[in-house]
Amino acid sequence: MKNILNKTANAADVIIFAIAFCIPLWPLGTIILTMLWLALSLISFSKKSFIEGVKAKPFLILFACYFLMHIIGLVWTSNVSHGWKEIKDDLNLLIFPILFILYQPRSGSFNFIKKGFIAGAVLGSLICFVQGIYFTLSTGDTGHMFYALFSALLHPTYFGMILIVSCLFLLGDLFFPEGEDKKNNSIVIILLLLQIAAMSLLSSRIVYLVAFALLLYYLLAAVFSKNFQIFKNRNFLILSVFSIAFFYTSISLNNRFGQVSQAIRTISEKPQETMLSSDSLVYNSSTIRIAQFRYSMEILKDKWLLGVGTGDSRDELSKVYTRHNDVYALEHFMNPHSSYLHTWIMIGLPGLFLLLASILLPFVWSVKHKFFIYQGFLVLIFVNGFTDIISHATLGSFYAFINCMLYSWCVSTTNKPQTIK
């Protein structure tokens, strides 16, 4: 413990390091450690430090305002009990901004926290491989090496998003080493390949999409900034070749994109309104999104301005499902499965604008300050918001923690141009 404390000479960093480590591995541990950090922060609370933190990191207030809009939405909600449940699910959006406003990092603090997150992601990847290989050899079923059966600890999409951020951290170490943070390139490449391989086996289409979108984004950024060194970099070429091989092999062995083709074919078709049992194959994970979008838009036709209230989204969706005689939707569609639709239905355009502002404004700011990792994270979250509720459960704690941490890190650093080494 003494050696850990000596990394930054800041005991609070140990707790934050542990939270970062737990996010890819143990959701309950993340909650417990967050409550411990909150308790310690409140004990040492200083009004002056809080005001200074708000002035130095104003976007953290923007994140918290999005949460507070959910509380305001209780004013015009009928199902108050469900509204409070929604607020409890989104509590990370308030707790982590407050904690990072009060947090006073020291030299090396954020690099130390980053290492905890990478360590958790690497350990999580190893657990997935060990479990997958064990059950594949035991049962003879190779399905244990893909998607939900392979993802031993978290939902495949959630774990895939975590791995992408861990890879962004490692890529930063590889291509933009600074001072004592320089590492043995071979170790970094091995850790990257391990996580990229795990990412490919998760077989999450949205993870594939985000990974491709981020690669394209960074390549375009390199072209527009005339930073062509990356295309000649040996490490970049090695990672590119292996990544293509991993993803191509995974898709060849477990292709889930056929569901996307089916969903596209059904876009122009009239939805079937039949009372089918919940165990019938009514939807796949892609056609579900189309149905949820259609049902959500029916509500928004009349409630587009202020929404239905924080607690009434599920009740209003149930009315639509009943009107369409869709028993499967009644039993399985708890929300629109999109942060943007979910927010819009609950708290209307003000809530939707706050959600978009909390992503797009920091993105513009991070571009100005050339903080590439934060840019990549915000691109990831923006895309993921179309298909998942980014504020709920494990994804919510991951989103709130990493968003606040990266923004605070960016604030604490000087605006230095980065070049490929």
Look at the aromatic rings of Trp37 and Phe96 and report parallel, tilted or perpendicular, splitting at 30° and 60°.
-> tilted

Under 3.5 Å: donor-acceptor pair, side chain of Ser203, backbone of Leu201 | yes

Is there a side chain to side chain contact (heavy atoms under 4.5 Å, CB included) between Phe117 and Ile402 once you walk through the steps?
-> CA-CA 10 Å; Phe117 185 80; Ile402 297 296; 3.9 Å; yes

To the nearest 0.5 Å, tell me how far Met35 CE sits from Leu40 CG.
-> 12.0 Å

Which value, rounded to the nearest 0.5 Å, describes the distance between Ser313 atom OG and Ile299 atom CD1?
-> 8.0 Å

Sub-4.5 Å side-chain heavy-atom contact between Gln131 and His144 | no

On the 0 to 90° scale, with breaks at 30° and 60°, tag the Phe17-Phe112 ring pair as parallel, tilted or perpendicular.
-> parallel

For Val411, does its backbone N or O pair with a side-chain atom of Lys57 as donor and acceptor, under 3.5 Å?
-> no

Check whether more than 12 heavy atoms from other residues, nucleotides or ligands sit under 6.0 Å from atom CZ of Phe129, and answer yes or no.
-> yes

Taking the side chain as C-beta and beyond, is there a heavy-atom pair between Leu406 and Phe169 under 4.5 Å?
-> yes

When rounded to the nearest 0.5 angstrom, what is the spacing between CZ in Phe110 and CG in Asp13?
-> 8.5 Å

Hey, does Leu378 have a side-chain heavy atom less than 4.5 Å from the side chain of Tyr407?
-> no

May I ask you to decide if the ring planes of Phe59 and Trp365 are parallel, tilted or perpendicular, using 30° and 60° as cut-offs?
-> perpendicular

What are the two closest non-hydrogen atoms of Phe63 and Pro97, and how far apart are they?
-> CB-CG, 3.9 Å

Would you say Leu99 and Ile16 make side-chain contact, with heavy atoms under 4.5 Å?
-> no

OG1 on Thr394 to CG on Leu154, rounded to 0.5 Å = 5.5 Å

Look at the aromatic rings of Phe382 and Tyr340 and report parallel, tilted or perpendicular, splitting at 30° and 60°.
-> tilted

Could you walk me through whether Phe242 and Ile196 pass side chain to side chain contact (heavy atoms under 4.5 Å, CB included), step by step?
-> CA-CA 9 Å; Phe242 276 97; Ile196 292 171; over 6 Å; no

So, does Ser339 use its side chain to make a donor-acceptor pair with the main chain of Ile390 at under 3.5 Å?
-> yes

Give the C-alpha distance, both sets of side-chain angles, the deciding distance and a yes or no for side chain to side chain contact (heavy atoms under 4.5 Å, CB included) between Leu74 and Trp84.
-> CA-CA 8 Å; Leu74 289 174; Trp84 282 113; 3.6 Å; yes

Decide if the gap between the ring center of Trp409 and the ring center of Tyr374 is smaller than 6.0 angstrom.
-> no

Just by modelled atom types, is the Tyr218 backbone N or O under 3.5 Å from a matching donor or acceptor in the Gln375 side chain?
-> no

Report yes if some heavy atom in the side chain of Phe398 is under 4.5 Å from a heavy atom in the side chain of Phe159; otherwise report no.
-> no

Distance-only, no hydrogens or angles: does the Tyr208 side chain make a donor-acceptor pair with backbone N or O of Phe247 under 3.5 Å?
-> no

Taking atom CZ of Phe246 as the centre, report whether more than 12 heavy atoms of other residues, nucleotides or ligands fall under 6.0 Å from it.
-> yes

Whether Phe45 and Phe50 hold their rings parallel, tilted or perpendicular, with breakpoints at 30° and 60° = tilted

Kindly say whether Thr387 contributes a backbone atom to a donor-acceptor pair with the side chain of His337 at under 3.5 angstrom?
-> yes

Is the backbone N or O of Cys410 less than 3.5 Å from a side-chain atom of Thr413, with the two atoms forming a donor-acceptor pair by type?
-> yes

Judged by atom type as modelled, is there a donor-acceptor pair below 3.5 Å linking the side chain of Trp304 to the main-chain atoms of Leu349?
-> no

Heavy-atom distance under 4.5 Å between the side chains of Cys404 and Tyr103, does that happen here?
-> no

Do other residues, nucleotides or ligands put more than 12 heavy atoms under 6.0 Å from the OH atom of Tyr321?
-> yes

Do Asn79 side-chain atoms and Asp312 backbone N/O form a donor-acceptor pair below 3.5 Å?
-> no

Note, Tyr399 side chain near Phe377 side chain (heavy atom, < 4.5 Å) = yes

About how many Å separate CG of Asn92 and OG of Ser391, when rounded to the nearest 0.5 Å?
-> 9.0 Å

Report the C-alpha separation of Cys22 and Leu33 in whole Å, then their side-chain angles, then the decisive distance to 0.1 Å, and conclude whether the side chain to side chain contact (heavy atoms under 4.5 Å, CB included) test is met.
-> CA-CA 9 Å; Cys22 281; Leu33 289 165; 3.7 Å; yes

Which distance, rounded to the nearest 0.5 Å, do you find between the CE of Met161 and the CG of Leu395?
-> 7.5 Å

Not counting sequence neighbours, list each pair that qualifies as a side chain to side chain donor-acceptor pair (under 3.5 Å) and has a residue in residues 157-166.
-> Thr157-Ser204, Ser166-Gln195

Heavy-atom pair with the smallest gap, counting every atom of Ala121 and Ile162 | CB-CG2, 4.4 Å

Under 6.0 Å from the OH atom of Tyr217, do we count more than 12 heavy atoms belonging to anything else shown?
-> yes

Compare all side-chain heavy atoms of Ser338 with those of Gln292 and state whether any distance is below 4.5 angstrom.
-> no

Thr310 side chain to Met346 backbone, donor-acceptor under 3.5 Å = no

Polar side chain donor-acceptor pair, His70 to Asp90, under 3.5 angstrom = yes

Listed by chain and number, what are the side-chain contact (heavy atoms from CB on, under 4.5 Å) partners of Ser49, not counting sequence neighbours?
-> Ser46, Gln104

